[in-house]
Amino acid sequence: MTDAATNMRLKLPLICIILEVILIILFGTLVQYNYETDARLWHEHKTNHSDYDNDFYYRYPSFQDVHVMIFIGFGFLMTFLQRYGFSSVGFNFLIAAFALQWATLMQGFFHGMHHGKIHIGVESMINADFCTGSVLISFGAVLGKTSPVQLLVMALFEVTLFAVNEFILLSALGARDAGGSMTIHTFGAYFGLVVARVLYRPNLDKSKHRNSSVYHSDLFAMIGTIYLWMFWPSFNSAITAHGDDQHRTAMNTYYSLAACTLSTYALSALTAHDGKLDMVHIQNAALAGGVAAGTAGEMMLTPFGSMIVGFLAGIISVLGFKYLSPILEEKLKIQDTCGVHNLHGMPGILGAIVGAVTAALATRDVYGDGLEDVFPDVAKGEIEASFQGVRQAISLAVTLGIALLGGLIVGKYTPDPRDVFDKWEERFCRAIKESKMTINNIYTKLES
Amino acid sequence: MTDAATNMRLKLPLICIILEVILIILFGTLVQYNYETDARLWHEHKTNHSDYDNDFYYRYPSFQDVHVMIFIGFGFLMTFLQRYGFSSVGFNFLIAAFALQWATLMQGFFHGMHHGKIHIGVESMINADFCTGSVLISFGAVLGKTSPVQLLVMALFEVTLFAVNEFILLSALGARDAGGSMTIHTFGAYFGLVVARVLYRPNLDKSKHRNSSVYHSDLFAMIGTIYLWMFWPSFNSAITAHGDDQHRTAMNTYYSLAACTLSTYALSALTAHDGKLDMVHIQNAALAGGVAAGTAGEMMLTPFGSMIVGFLAGIISVLGFKYLSPILEEKLKIQDTCGVHNLHGMPGILGAIVGAVTAALATRDVYGDGLEDVFPDVAKGEIEASFQGVRQAISLAVTLGIALLGGLIVGKYTPDPRDVFDKWEERFCRAIKESKMTINNIYTKLES
Amino acid sequence: MTDAATNMRLKLPLICIILEVILIILFGTLVQYNYETDARLWHEHKTNHSDYDNDFYYRYPSFQDVHVMIFIGFGFLMTFLQRYGFSSVGFNFLIAAFALQWATLMQGFFHGMHHGKIHIGVESMINADFCTGSVLISFGAVLGKTSPVQLLVMALFEVTLFAVNEFILLSALGARDAGGSMTIHTFGAYFGLVVARVLYRPNLDKSKHRNSSVYHSDLFAMIGTIYLWMFWPSFNSAITAHGDDQHRTAMNTYYSLAACTLSTYALSALTAHDGKLDMVHIQNAALAGGVAAGTAGEMMLTPFGSMIVGFLAGIISVLGFKYLSPILEEKLKIQDTCGVHNLHGMPGILGAIVGAVTAALATRDVYGDGLEDVFPDVAKGEIEASFQGVRQAISLAVTLGIALLGGLIVGKYTPDPRDVFDKWEERFCRAIKESKMTINNIYTKLES
């Protein structure tokens, strides 16, 4: 048994058990059912509502679609790297299962506290899955460079920063970002890219053949892609207001993705020197339309506007894969393993800008009384629509700042998890050795 | 770089960009949110309805199931041909993304115009996916014989004819076809078969080993099959009336498929000379029960009737694969790559006949006030149930006529898309050359 | 053509056709639409309800998730055995399609009869899928030891016993088991294990390499695992009461599974001698949290309690794979091909115990008026909560008794299906021979 194997043998179990025990204790002390999941509370209000008013029926189908995107979508999308087929699916599973529990606590802490307790239900489950998605985007940037232990530590800090950033954007700044162009995609991508920069391994170039994809890997990856593509309308609409808002958001996203697919195929064939479609472009860039419709999807963007946004997102994304990624790797030493900058980074920024512009152009003529749902502060007359646009723009800047700084700190200045765990492990091994000696002593005494 | 590669390099991008730009312009001028997706309109009617009345909550889960059938179901079903694994998934994706946008316009033009505008929402999204399904059925018949450019041109015309046929059936003739036995399956299959006949390539026989399936291809194809099988109840019930109609349609389809699966296994083992099950039968014929329940599924067919229909559909489909497909290829020179005649063609006709008979037998005793939902003209006393049966039968004949004639014209008399694009390309290359010369001239002048 | 092939050629078709014809006749005489699927009945009550009150909208999304678990989840989970890739998916499909029809009849017979008729709708469809799940669990224990004909015969008897056991538990004993820790998982696992014991083949040891998994098999199996994992919240909540009950059950299961995943990874790495994660553990044990939350999921278990349950389930399951399965095989001669004892058996018993304890601790303080939904007899004051706990414990004992005894009888004392069918086949062949002779005689007479 090598040293690395010994490490793995104890470190991963230790961190998993410690984290889960902490989670269970915190859930026991802090978390409660909200009034829609609590038997007593729900039935107390029973005279005022029917069972249908339970948010479960409004959001659970969307939740399940989001859940599929997180576990099948992200998990299989990354299998296109034959070398990391297992790592991507298996580690994706582990990190996601941890992150969604931790996110429940962190997000609840920032915007779900009631008398010192976190109240949870289907909406908090969706938000936890969203936060997990952001962590998985970062994972895509560092795939192949990190151990599962490091990934869990990264998830621990990233989820925390995600909740801070989300709080600043949605609560402090009053920005709108239902589908998370900023909070999920921009944040996850730039956070991951900085971590990837810190973990730069020059030797990875030499083992580049490991990054090559093969026939079956590509078909597995297409499963991931197509699930993400199909369910993105549910993702963007999962936590928008009931009624026309969910309906409109899903439809805007649907058309954005369709337009994006055509521009992706066009640009992929155009930029290839032999006219062949590049599977990596199709697996990734065709999804950029969903990312770019994340902020403005709930607004009156119109299918027309959505298609323009999707069309541009596809173009930007393919060009990024073709021309920008090699520059990032050579000049900035950022090895973006899965190209998250092209799928989540740039399209996320595009989505944020589109959101800011669409918000600034909002009028009561167009939204009617629906203005209350989308821009409550504008509807109340507290601010002008143009100022809502400014809020959105500031939110993008804040997100970029926190992601870049956070990634830098988590990647660099945090003590290497190995050191921490080596100490733990040393103590653990010593404890085992001592207890064995004690037992031996007892046996010796008993025998004598 | 060969000529073919050059062609591919420019043709595919050109057609994708041209089509998408046309789509965007048409959406900009013609398409509007309907009252359930428009913020102002929905909130204007807010006093009369609650958020739950928004059609989104009745239909969006079904829409997502249909979406999975179109992109995962059809896409992966065709991967059983090892040779065409990528083409089937990748081209399926491209064609579907185009077809659903074009279908929104064509179907809106024929039955969604309000004051010169097309109003869209979740129901139009389902209908667009349905129309896309029809195009993908035709794609199954010509898989391996066409370039993506030809497929896009085929989709352009097929979607248009689909909308015409659908308009004639549902609006002009007053037929019922919620699950599309006629409009989707029969139309798509016979249209595709005629195109396949026109594109007959005798050499395809010699490369028949390319059509052979291998272990992993078959497992991928089973993913496609099982998704289609599981979600077919959602497909047939997606646009039926709210309440008992959606409920009943889903249940009828569920039992039809279950019965079909048993007859498929029975017939597959019975017709094999060594008793082994043929994976191609199982991957396809087990689905025929869904196709055959497409028209009558919303009617009071009873689970008993549904199971008889499914049982027969499985038998017909396996026998078709075993005995009819070789005849079609040898005598009629129709190389039906994926066997769409056996899965969609014959079971579609069976479904149309079952629909006509079930309609003719409808009585107020059985349907009560629910007659209004299923056969409005009969409920109003305008026609007899038996005449509704005649309408259904005429609709089948019309569908076959338009599909066969349309396929012939699109396949044969349309100018070969290659010619059209070669001219475009020539101009395009000349334009590039000229602009390069101009730039060179400018540089030369500047330098001198 | 070998004898075995001949047998297969006739036996499988014969049993499929006979069973399906019997099913169709029984459906024709016994089964009717319930009032939510019947056009007349639904519209008669139309004044008292809106379309939304139709149970379809409360349960159909959950039904589809359960459907995916049965056909994709169970089907692909078992593909991890490279040797049995096709068998697992293909036979899974056949058995499930049969079992869900037979279960509709058996379950309807025991708790859905109205004036001699079985009334069906979406809830009976979910129950039929649940019963099918139990059969597929047993299938996992005997995978590779049985022909499809034997599997169909096993399904025939197991479904019947399942319905008897379910009737005793839910109707006679008044136990609660919405997610089926007892009725589905414990029953299916122990039934299958006894059948596996009876079918013990010592030679299977020698061909153990056939049980080894390979790269792509493992990725296919992960598709099965992750679908089961994602949709387990829908499984456990599919038939609980509307409103807070469905909502709470889904959430409890979600957190149980998340905690289970972390303990599974921890234990898998800890028990491996080289620290590597064992894919079989991850593919199976990570799901034990769903099984263990099957009974108590609908109760006020709290997320905290759910996480403890899931955490323990993961530990028990991995330890079972590592230490108990080899003992079962060596000492008890039970070759549990897919390890169903570790995924469904022990976690099912854990779930039953957790359910009994949680029921015994129920108070009106905690449940309020919601007590009526979860423990109606306690709410009415007919019994104490502690007695409900006793009922739950007795139910576990009954389930184990019926499963073990039933498995023994079905496995051993039932005449070997081969004998039965050999006689049938003999007669069939003789009949064919005689009819051929008759035809020959006629021809001879005609020619002469």
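In what follows, chains are A, B, ... by sequence order, proteins preceding strands, each numbered from 1.
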Student: Indicate yes or no: at least one non-hydrogen side-chain atom of B:M307 is less than 4.5 angstrom from one of B:S263.
Tutor: no
Student: May I ask you to test the B:E36-B:F56 pair for a side-chain heavy-atom distance under 4.5 Å?
Tutor: no
Student: Could you check C:V135 against C:F98 for side chain to side chain contact (heavy atoms under 4.5 Å, CB included), going step by step and ending with a plain yes or no?
Tutor: CA-CA 11 Å; C:V135 173; C:F98 164 68; over 6 Å; no
Student: Would the distance check show the side chain of C:S134 and the main-chain N or O of C:F130 forming a donor-acceptor pair, the cut-off being under 3.5 Å?
Tutor: no
Student: Pick one of side chain, backbone, both or neither for C:N92, based on which atoms fall under 4.5 Å of a heavy atom in chain B.
Tutor: neither
Student: Out of B:T225, B:D365, B:L371, B:V374, which one racks up the most heavy-atom pairs below 4.5 Å with chain C?
Tutor: B:D365
Student: Can B:T249 and B:N252 be counted as having a side-chain donor-acceptor contact under 3.5 angstrom?
Tutor: no
Student: Could you check which of B:P233, B:A250, B:A258, B:G368 has the highest count of heavy-atom pairs closer than 4.5 Å to chain C?
Tutor: B:A258
Student: The test is side chain to side chain contact (heavy atoms under 4.5 Å, CB included); show your working for B:N236 and B:Y254 and say whether it passes.
Tutor: CA-CA 10 Å; B:N236 284 348; B:Y254 172 82; over 6 Å; no
Student: Do any of residues 114-124 of chain C come closer than 4.5 Å to chain B, heavy atom to heavy atom, and if so which ones, in number order?
Tutor: C:I120, C:G121, C:V122
Student: Go through it in stages, so that I can follow the logic: the residues are C:F76 and C:Y227, the test is ring-ring contact (aromatic ring centres under 6.0 Å, His included), and I'd like the CA-CA distance, side-chain angles, deciding distance and then a yes or no.
Tutor: CA-CA 9 Å; C:F76 279 86; C:Y227 269 102; 9.2 Å; no
Student: For chain B, find which of C:V21, C:L94, C:V31 contributes the most heavy-atom pairs closer than 4.5 angstrom.
Tutor: C:L94
Student: Spell out, as yes or no, whether a donor-acceptor pair under 3.5 Å connects the side chain of C:N34 to the backbone of C:T37.
Tutor: yes
Student: Within a strict 4.5 Å, meaning less than it, do heavy atoms of the C:D38 and C:Q32 side chains meet?
Tutor: no
Student: Which bit of C:D53 is near chain B, if near means a heavy-atom gap under 4.5 Å: side chain, backbone, both or neither?
Tutor: neither
Student: So which bits of residues 308-317 of chain B come within less than 4.5 Å of chain C, counting non-hydrogen atoms only?
Tutor: B:I308, B:F311
Student: Taking atom types as modelled, is there a side-chain donor on B:Y52 or C:D51 under 3.5 Å from an acceptor on the other?
Tutor: no
Student: Within residues 297-304 of chain B, which residues come under 4.5 Å of chain C, heavy atom to heavy atom?
Tutor: B:M299, B:M300, B:L301, B:T302, B:P303, B:F304
Student: Does C:N127 offer a backbone N or O that forms a donor-acceptor pair with the side chain of C:Q107 under 3.5 Å?
Tutor: yes
Student: Show the numbers, then the answer: is there a ring-ring contact (aromatic ring centres under 6.0 Å, His included) between C:F139 and C:F74?
Tutor: CA-CA 10 Å; C:F139 173 42; C:F74 283 112; 9.9 Å; no
Student: Could you list which of residues 58-71 of chain B have a heavy atom closer than 4.5 Å to any heavy atom of chain C, in residue-number order?
Tutor: B:Y58, B:P61, B:D65
Student: Sub-3.5 Å donor-acceptor pair from the side chain of B:Q392 to the main-chain atoms of B:V357, do we have one?
Tutor: no
Student: Can you find a pair of side-chain heavy atoms, one from B:T261 and one from B:W229, that are under 4.5 Å apart?
Tutor: yes
Student: Of all of B:L267, B:T264, B:V366, which one pairs up most often with chain C through heavy atoms under 4.5 Å apart?
Tutor: B:V366
Student: Please examine the side chains of B:F235 and B:L228, heavy atoms only from C-beta on, and report whether any two atoms are closer than 4.5 Å.
Tutor: no
Student: Considering only heavy atoms, which portion of C:L152 lies under 4.5 Å from any heavy atom of chain B: side chain, backbone, both, or neither?
Tutor: neither
Student: Side chains of B:Q246 and C:Y57: donor-acceptor distance under 3.5 Å anywhere?
Tutor: yes
Student: Do C:W42 and B:D245 touch side chain to side chain, with heavy atoms closer than 4.5 Å?
Tutor: no
Student: With a 4.5 Å limit on heavy-atom distance, are the side chains of B:L219 and B:I223 in contact?
Tutor: no
Student: If you measure only the distance, is there a donor-acceptor pair under 3.5 Å linking the side chains of B:D373 and B:H242?
Tutor: no
Student: Hey, are the side chains of B:T295 and B:V354 touching, using non-hydrogen atoms and a 4.5 Å cut-off?
Tutor: no
